[in-house]
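Structure first, commentary second.
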Protein chains: 2
Amino acid sequence: MSLLQAFAAVQPLSESAQQLLAAAIVEKDYPKGHVLLPFGQIPAYMHYLVKGAGRIYYLRDGLDVTDYLALDQQFIGAVPALITQSPSHKAIELLEDSLLQSIRYATFEELCQQHLEIANLGRKMALFGFLEGQQRVEDLRFLSAAERYEELLRKHPTITQRIPLKHLASFLGTTQVSLSRIRSGKQ
Amino acid sequence: MSLLQAFAAVQPLSESAQQLLAAAIVEKDYPKGHVLLPFGQIPAYMHYLVKGAGRIYYLRDGLDVTDYLALDQQFIGAVPALITQSPSHKAIELLEDSLLQSIRYATFEELCQQHLEIANLGRKMALFGFLEGQQRVEDLRFLSAAERYEELLRKHPTITQRIPLKHLASFLGTTQVSLSRIRSGKQ
DNA sequence: CAAATGCTTTTACATATGTTAAAAAAGCAT
DNA sequence: ATGCTTTTTTAACATATGTAAAAGCATTTG
């Protein structure tokens with residue numbers, strides 16, 4: 001599914017809205033390891049991972065922390081820095097060779113201020129992000145590390161073949177050692 | 001600050017937009033203990049707490065869990081159920097005598113589909129909610145229960161005089177016993 | 001006022017998870 | 001393939017936080 005199709009699935013879009021958005025989308029291939037956004041840079045784009053994998057990460061007390069993981073057909077962007085247009089203390093890198101469709105945030109913001117359907121698209125996307133965050137809070141509060149791992153596997157059965165375990169552990173809010181214990185079953 | 005003023009602070013609003021919103025807002029006093037939304041009900045309103053205090057809660061494994069606390073000039077609503085218009089598994093009750101301004105969600109949704117400024121208001125409110133959720137995830141992941149308690153006190157210095165400790169503990173994702181330990185300093 | 005109900009603290013104990021370090025396994029490059 | 005780096009597992013130990021139960025306070029209510 002393309003970014004435009006993903007947009008249209010969130011909010012029905014007229015021809016004119018689709019054309020405005022399509023004109024703002026750029027598609028590009030990137031190699032594994034490519035840094036989409038380095039630390040300290042003001043992010044210009046919101047990205048959509050047509051195919052591939054990436055993560056958002058940062059350093060906390062000198063340790064690498066994975067804040068977010070995205071696989072095929074998911075969005076990836078340093079949202080707080082994006083909407084405030086301030087230097088990001090989080091970085092984005094690709095974990096596989098990937099095909100991305102990206103939209104310049106400033107353009108999207110302008111379109112929102114001009115076009116009703118696009119503003120509502122933006123609204124619904126933000127609402128989905130909000131719901132996702134709520135779910136993540138609930139998972140962190142009430143599920144054990146083992147249960148969060150199971151949940152992740154349920155959603156992305158092949159993720160362990162694609163993403164290094166240390167990143168999964170960090171994303172799940174636990175440690176490599178704990179996750180290894182969980183996988184061994186010897187608890 | 002009124003709800004309309006809170007709206008205008010998020011997104012500049014023309015006279016027409018303000019009038020449309022104002023017509024949809026109802027203001028009312030409620031006593032402490034009043035249930036704004038019982039379990040299983042489809043929420044009709046998004047609420048703004050002009051003055052007072054309330055909480056969103058639910059039962060998890062038979063235990064009362066506080067999902068959200070709101071004090072003066074904060075929004076309170078069962079957002080997931082509100083936007084999906086499905087029966088809420090969370091309830092809302094007031095913890096003090098309170099003055100509320102409420103807006104019917106169906107009306108707000110209609111206005112969003114018709115009015116560009118209001119759609120962008122909705123978009124920005126959702127974005128703020130998203131950011132708040134991100135912060136909460138980060139706090140849960142990296143702060144100890146003691147640090148989360150300190151943070152809460154920093155934001156709302158008088159909250160311990162207004163909200164029972166058991167609700168604070170639950171909201172912070174810890175237990176009454178732990179929070180009591182934290183407060184005693186004997187760790 | 002007294003009784004009752006609800007709230008907070010304390011104690012004792014259990015356990016999931018973190019930390020550090022080292023070994024084993026897997027992946028990658030020359 | 002051979003070695004070099006990265007990733008994963010295992011081990012031993014420390015600790016924050018949860019659970020359960022009881023006692024002490026405070027608030028409400030008849």
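Here the structure is a predicted model, which is why all the values come from computation and not from measurement. All chains are named by letter (A, B, ...) in the order of the sequence lines, taking the proteins before the strands, and each is independently numbered beginning at 1.
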Hydrophobic cluster mates of [X], side-chain heavy atoms under 4.5 angstrom, ILVMFWY only, any path?
X        : answer
A:Val137 : A:Leu140, B:Val137, B:Leu140
B:Val26  : B:Tyr45
A:Leu143 : none

Q: Return no unless some side-chain N or O of B:Arg183 is found under 4.0 Å from OP1 or OP2 of C:dT9.
A: yes
Can you tell me how far [atom2] of [N] sits from [atom1] of [X], to the nearest Å?
X        : N      : atom1 : atom2 : answer
B:Phe142 : D:dA16 : CZ    : C1'   : 17 Å
B:Leu168 : C:dT9  : CG    : P     : 11 Å
B:Leu179 : C:dT9  : CG    : P     : 8 Å
B:Leu172 : D:dT17 : CG    : C1'   : 14 Å
A:Leu95  : D:dT7  : CG    : C1'   : 14 Å
B:His167 : C:dG6  : NE2   : P     : 12 Å
A:Lys32  : D:dT6  : NZ    : P     : 13 Å
B:Ile182 : C:dT8  : CD1   : C1'   : 14 Å

Show the distances under 3.5 angstrom between N or O atoms of the protein and N or O atoms of nucleotides 18-26 of chain D.
unit_1: D:dG18; atom_1: OP2; unit_2: B:Thr174; atom_2: OG1; d: 2.8
unit_1: D:dG18; atom_1: OP2; unit_2: B:Thr175; atom_2: OG1; d: 3.3
unit_1: D:dG18; atom_1: OP2; unit_2: B:Ser178; atom_2: OG; d: 2.7
unit_1: D:dG18; atom_1: N7; unit_2: B:Arg181; atom_2: NH2; d: 3.0
unit_1: D:dG18; atom_1: O6; unit_2: B:Arg181; atom_2: NH1; d: 3.1

Could you tabulate the donor-acceptor pairs under 3.5 Å formed by side-chain atoms of residues 31-44 of chain A, not counting sequence neighbours?
none

Q: For B:Gln19, enumerate each residue passing the side chain to side chain contact (heavy atoms under 4.5 Å, CB included) test, keeping only those at least two apart in sequence or located in another chain.
A: B:Glu15
Q: Tell me, please, which residues at least two apart from A:Glu96 pass side chain to side chain contact (heavy atoms under 4.5 Å, CB included).
A: A:Ala53, A:Ser98, A:Arg162
Q) Can you pull the salt bridge (charged side-chain N to carboxylate O under 4.0 Å, His left out) pairs that have at least one residue in residues 164-175 of chain B, sequence neighbours excluded? A) none
**Q.** Minimum heavy-atom distance between A:Leu152 and A:Phe171, given as atom pair plus value
**A.** CD1-CE2, 4.0 Å
Q: For A:Pro157 and A:Thr160, work out which heavy atoms get closest and say how close.
A: O-OG1, 4.4 Å
Q. Of all of residues 150-165 of chain B, which get a heavy atom below 4.0 angstrom from DNA chain C, listed by number?
A. B:Pro164, B:Leu165
N/O donor-acceptor pairs under 3.5 Å from side chains in residues 116-126 of chain A, not counting sequence neighbours:
unit_1: A:Glu117; atom_1: OE1; unit_2: A:Ser14; atom_2: N; d: 2.6
unit_1: A:Glu117; atom_1: OE1; unit_2: A:Ser14; atom_2: OG; d: 3.1
unit_1: A:Glu117; atom_1: OE2; unit_2: A:Ser14; atom_2: OG; d: 3.4
unit_1: A:Asn120; atom_1: OD1; unit_2: A:Arg123; atom_2: NE; d: 2.9
unit_1: A:Asn120; atom_1: OD1; unit_2: A:Arg123; atom_2: NH2; d: 2.9
unit_1: A:Asn120; atom_1: ND2; unit_2: A:Leu116; atom_2: O; d: 3.1
unit_1: A:Asn120; atom_1: ND2; unit_2: B:Cys112; atom_2: O; d: 2.8
unit_1: A:Arg123; atom_1: NH1; unit_2: B:Glu109; atom_2: OE1; d: 3.3
unit_1: A:Arg123; atom_1: NH2; unit_2: B:Glu109; atom_2: OE2; d: 2.9
unit_1: A:Lys124; atom_1: NZ; unit_2: A:Gln11; atom_2: OE1; d: 2.8

Q | ring-ring contact (aromatic ring centres under 6.0 Å, His included) pairs, two or more places apart, involving residues 109-136 of chain A | A | none
Q: Compute the angle between the rotation axes at the two ends of the helix from C:dC1-D:dG30 to C:dT30-D:dA1, each taken over five pairs, rounded to 10 degrees.
A: 40°
